[in-house]
Amino acid sequence: MSQPLPSSSDALRRAAETMHAVRDRCVWTQRIDHDDLVPYLQEEAAELVDAVETGTRADLKEELGDLLWQVLFHAEIASRDDQDPFDIDDVADALAEKMVRRHPHVFGDAVATTPEQVLVHWNAAKAAEKRTRTSVLDGVSTHMPSLALAQKMLGKASQVGVTGSPAPADPADESELGDALLALVARARSEGWDAERALRQRLRALADEVRAAESS
């Protein structure tokens with residue numbers, strides 16, 4: 001006999017209860033751990049990017065839900081940990097508290113009338129939270145796509161006066177190609193462009209060209 005879905009009137013609570021029921025009753029889900037979920041998380045995040053950049057409103061809503069499911073899944077796994085359990089409520093509470101700390105101009109007496117002033121408050125709060133970090137690169141994930149990681153690291157490097165190598169006019173090997181690519185990302189950053197998004201858009205155009213050639 002099939003089990004009914006949770007009937008909470010709170011949509012987010014219903015989603016969390018649905019995840020809890022799936023973990024209890026689905027034999028495939030029961031064997032999944034945090035590491036197993038990583039590829040699915042990366043895939044769902046990429047599909048959300050596609051929905052934002054090229055999808056419909058319905059696509060965006062669906063992909064946001066799929067990404068939320070990954071968050072609920074990780075939290076449900078964590079809630080059953082023998083050593084250090086936490087659940088989705090703990091995750092949400094910690095998030096709310098952090099956002100309150102990082103927006104003193106919204107929830108406190110600080111003043112910020114420009115985006116630049118907002119960033120000052122944000123960075124000050126973040127620095128206070130991360131006192132144990134010894135490098136501006138601490139906390140930067142090396143699992144980011146390479147162009148996005150390059151743009152992120154260049155921003156961090158600029159904080160300590162480090163700049164990338166000059167770009168060779170005609171790269172002769174992979175090392176020089178790396179310098180040339182980094183220089184292009186540096187140019188993108190200086191112009192306020194998103195290097196990762198720029199290449200995604202160009203690759204979509206290339207895909208259209210390939211499909212057009214295949215159908216001709």
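These numbers were taken from a predicted model, which means no experiment stands behind them.
Considering every non-hydrogen atom in both Glu63 and Ala51, the closest pair reads CG-CB, 3.8 Å. Listed here is the closest heavy atom pair of Gln151 and Ala195: OE1-N, 3.0 Å. Of all heavy-atom pairs between Ser158 and Gly155, the closest is OG-O, 2.6 Å. Taking both residues in full, the closest heavy atoms of Ser79 and Pro85 are given as O-CB, 3.6 Å, listed atom of the first, atom of the second, then distance. Contact between Val111 and His105 at its shortest, heavy atoms only, is C-CB, 4.2 Å. Scanning both residues, Arg187 and Ser190, for their nearest heavy atoms gives O-OG, 2.7 Å.
Remark: side-chain polar atoms of Asp138 are paired, donor with acceptor, to backbone N or O of Ser135 under 3.5 angstrom. Within the 3.5 Å criterion, the main-chain N or O of Thr29 finds a donor-acceptor partner in the side chain of Arg23. In terms of modelled atom types and a separation under 3.5 Å, the side chain of Arg131 and the main chain of Ala128 share a donor-acceptor contact. In this structure, Gln30 contributes its side chain and Asp24 its backbone to a donor-acceptor pair below 3.5 Å. With hydrogens and angles ignored, the 3.5 Å screen pairs no side-chain donor or acceptor of Gln159 with any backbone N or O of Val136. Under a 3.5 Å cut-off, the side chain of Asp50 and the backbone N or O of Glu47 do not form any donor-acceptor pair. Here the side chain of Asp93 pairs no donor or acceptor atom with the backbone of Asp90 at under 3.5 angstrom. With hydrogens and angles disregarded, a donor-acceptor distance shorter than 3.5 Å links the side chain of Gln117 to the backbone of Thr113.
Once rounded to the nearest 0.5 Å, the distance linking CZ of Phe73 with CG of Asp36 reads 8.5 Å. Leu67 CG to Gln70 CD: the interatomic distance, rounded to the nearest 0.5 Å, is 7.0 Å. Glu53 contributes atom CD, which lies 11.5 Å from atom CG of Leu60 (distance to the nearest 0.5 angstrom). Here Phe86 contributes atom CZ and Arg80 contributes atom CZ; the two are 14.0 Å apart, rounded to the nearest 0.5 Å. Here CG of Leu119 is found 8.5 Å from OG1 of Thr114. Values are rounded to the nearest 0.5 Å. Taking NE2 of His121 as the reference point, atom CZ of Arg101 lies at 16.0 Å (rounded to 0.5 Å).
Cluster annotation: Val91 is connected to Ile77 through the hydrophobic network of ILVMFWY side chains, with a link wherever side-chain heavy atoms come within less than 4.5 Å. Cluster annotation: Met19 and Leu41 are assigned to distinct hydrophobic clusters (Ile/Leu/Val/Met/Phe/Trp/Tyr, side-chain heavy-atom contacts under 4.5 Å, transitive). If you chain together hydrophobic residues whose side chains sit under 4.5 Å apart, Val185 and Val162 never meet in one group. In the hydrophobic clustering of ILVMFWY residues, with side-chain heavy atoms under 4.5 Å counting as a link, Leu184 and Leu147 come out apart. There is no path of hydrophobic side-chain contacts, each under 4.5 Å, that joins Leu199 to Val49.
When side chains are defined from C-beta on, Glu116 does not count as touching Val120, because their heavy atoms never get closer than 4.5 Å. A heavy-atom distance below 4.5 Å is found between the side chains of Val140 and Lys156. Side-chain contact between Thr54 and Asp59: absent, with no pair of heavy atoms (C-beta onward) separated by less than 4.5 Å. Annotation: side chain of Glu196 is not in contact with side chain of Met144 (no heavy-atom distance under 4.5 Å).
Under a cut-off of 6.0 angstrom, the local environment of CD in Glu191 is crowded, with over 12 non-hydrogen atoms contributed by other residues, nucleotides or ligands.
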Please step through side chain to side chain contact (heavy atoms under 4.5 Å, CB included) for the pair Leu206 and Arg202, ending with a clear verdict. CA-CA 6 Å; Leu206 177 60; Arg202 185 61 189 88; 4.0 Å; yes
Check the pair Ile88 / Leu12 against side chain to side chain contact (heavy atoms under 4.5 Å, CB included), numbers first and verdict last. CA-CA 10 Å; Ile88 192 62; Leu12 287 175; over 6 Å; no
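Ionic pairing of Asp89 and Arg13 is present here: one or more N-O contacts between side-chain nitrogen and carboxylate oxygen are shorter than 4.0 angstrom. Salt bridge absent: Lys98 and Glu129 never bring a charged side-chain N and a carboxylate O closer than 4.0 Å.
The aromatic rings of Trp28 and Tyr40 sit perpendicular to each other, their planes meeting at more than 60°, with 30° as the lower class boundary. Taking the six-membered ring where tryptophan is involved, the planes of Phe107 and His103 are perpendicular, since the angle between them exceeds 60° and thus also 30°.
For the side-chain contact (heavy atoms from CB on, under 4.5 Å) with Leu37, the qualifying choice from Gln42, His74, Glu44 is His74, the only one to do so.
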